[in-house]
Number of protein chains: 2
Amino acid sequence: MPTLPSGLLGDLDPTSDRAVFRQIADQLREAIDRGRFREGEKLPSEAELVDHYGVSRMTVRNSFSILQGEGLVHAEHGKGVFVRPRPPVRRLASDRFARRHREQGKSAFIVEADAAGSHPQVDSLEVKEEKASQDVSTRLGSVRRVLARRRRYLLDGRPVEFATSYLPLDIARGTPIAEPNPGPGGIYARLEELGHHLDRFEEEIRARMPSPAEVKTLRLASGVPVIHLIRTAYDTEGRAVEVCDTVMAADAYVLSYQLPAT
Amino acid sequence: MPTLPSGLLGDLDPTSDRAVFRQIADQLREAIDRGRFREGEKLPSEAELVDHYGVSRMTVRNSFSILQGEGLVHAEHGKGVFVRPRPPVRRLASDRFARRHREQGKSAFIVEADAAGSHPQVDSLEVKEEKASQDVSTRLGSVRRVLARRRRYLLDGRPVEFATSYLPLDIARGTPIAEPNPGPGGIYARLEELGHHLDRFEEEIRARMPSPAEVKTLRLASGVPVIHLIRTAYDTEGRAVEVCDTVMAADAYVLSYQLPAT
DNA sequence: CAGGCATACTCGTATAGACGAGTGGGCAAG
DNA sequence: CTTGCCCACTCGTCTATACGAGTATGCCTG
């Protein structure tokens, strides 16, 4: 086992109140922040740190688990612990549903990702009628059953977003909206063709840690939160015509909104 | 030590591939989700779970640390492990900076919290001139130095938000904006009085795990992400007149935006 | 009755050891 | 040279133990 380059990491302060594993985590964090370890680079192995600090292995692992919780590092079984690379972020602008973006044949996601030089994919397509949850029912104005459209978005093979659209059956049933591929411009284009002219959207944004199911679906590393966005689309008569529930890997997104200062 | 009520938690599956500590975490998580343990309620102690499952204490603690990372529970030294209560959320509407909200003498935060029946506070007031960071400088259009206004917001004694406003010196120096208390309507009202008529805001939203400093300032429990919001205010001439950098405890906020479907 | 202390229970920190499993490189056999 | 195995190194899981420190309760003392 190669010994640790001296000077890379400091020593422990036995007089400090701070727990040993926190001191080790502090030193590793600082080294990462200062760029002594770069993105994707391997940190010293547990055994090396055990030697360097003269502590037991569980103490070192405890330090790593702190950094993992902060989303700074991730462990790979059999390989080592690595500085977590920051993925390229997808910027969602508040005008992303403007009519002018709805002209092309491909979905906004595909067009935008292609432009950014990434390889986009959409999978997990599921379209079915189901009972509306309490929340969705309230937002759509007390509907019992809805058409649900589920899909997962991937960039360069990595899942980044999982979204479900809910539409009242009297609007969607028997229309292209109920097809797996609703056609150019997506369901908003279809809604307008069907006479439901869109007036405004309302978006609610939360952030939280993912459920185990979300970790699985989005292949999330530990220490990565999700952004939970719920969008409601209203037509010009003030009726809610769609609710879209989206869960995004928070390390892959920046949301951007333009607000008038009225 | 009281023995665990039978039936509350299941048994382990020795044939399962799933690690023991994950199985225990699964069972606790499910019990919480089903409401068998309510918000704020104490979970079985480590010793009780050691007895119930016949595993070592570190294994039980490992299970708890999973649930802590998910933000489901929090431990209190000397007391026990508790289901983390969901605090009341503060809803931020996208029209919160509209002029009509700027008339009253008190800040938007105080007015809104009072209306919601909470006890609001603002502290950590710091107003000083400093060197602009690279990011702030870019956003404000290559300024070197800025006026920085820092403050922390609390609801019912709990810190929920930490914000810093940056303004170019040529706008803010020597004006009420450079005073600790800028007066009724806040700095946006002062900006308009000084002839900088606000035209629009741009808000960028990210979510991530907090830094140790943010954990301290916002007294965050583990497993609680932060929402990082950067707002830039533009005047009618298109000049950026303020950048506000805000870090919010994600469990205390829902952001809401109204978007036209143009 | 009031105050203080002892105690039991809680989680926090740390050690030492064991075995398992994924990865990758080198060496030996074909 | 290629194939396949072995081994070293990595992290993952689990046990058993020890002591420290915060909390709450009840008893004992004044």
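Proteins come first, then strands; the chains are lettered A, B, ... in the order of their sequence lines, and each starts at number 1.
Counting non-hydrogen atoms under 4.0 angstrom, F21(B) reaches the backbone sugars and phosphates but no base. Using a 4.0 Å heavy-atom distance criterion, R18(B) is classed as making no nucleic acid contact.
Remark: K131(A) NZ is loosely packed, at most 12 non-hydrogen atoms of other residues, nucleotides or ligands lying under 6.0 Å away. Around atom NZ of K216(B), no more than 12 heavy atoms belonging to other residues, nucleotides or ligands sit under 6.0 Å away.
Taking CD of E161(A) as the reference point, atom CZ of R151(A) lies at 8.0 Å (rounded to 0.5 Å). Put simply, CZ on R206(B) and CD1 on I227(B) are 13.5 Å apart, with the number rounded to the nearest 0.5 Å.
Of the residues in residues 69-84 of chain B, those lying under 4.0 Å from DNA chain C by heavy-atom distance are A75(B), E76(B), H77(B), G78(B), K79(B), G80(B), V81(B).
Of the residues D26(A), V20(A), I24(A), the one that meets the side-chain contact (heavy atoms from CB on, under 4.5 Å) test with S63(A) is I24(A).
OP1 or OP2 of dT13(D) sits under 4.0 Å from a side-chain N or O of R22(B). Side-chain N/O atoms of S45(A) include one lying less than 4.0 angstrom from OP1 or OP2 on dT10(D). Checking the phosphate oxygens (OP1, OP2) of dT13(C), no side-chain nitrogen or oxygen of T59(A) falls inside 4.0 Å. Put simply, R57(B) has no side-chain N or O that comes within less than 4.0 Å of OP1 or OP2 on dT17(D). Between S56(B) and dC14(D) there is no side-chain N or O to OP1 or OP2 distance below 4.0 Å.
Looking at R139(A) and D135(A), a side-chain N of the basic residue comes within less than 4.0 Å of a carboxylate O on the acidic one, giving a salt bridge. Looking at R158(B) and D251(B), a side-chain N of the basic residue comes within less than 4.0 Å of a carboxylate O on the acidic one, giving a salt bridge.
Five base pairs at each end of the helix from dC1(C)-dG30(D) to dG30(C)-dC1(D) define two local axes, and these are offset by 20° (rounded to 10°).
Looking at every heavy atom in both residues, L218(A) comes nearest to A249(A) through CD1-N, 4.0 Å. In terms of heavy atoms, Q23(B) sits closest to D13(B) at OE1-N, 2.8 Å.
Among the nucleotides dC11(D), dT13(C), dA16(C), the one closest to any side-chain atom of R61(B) is dT13(C).
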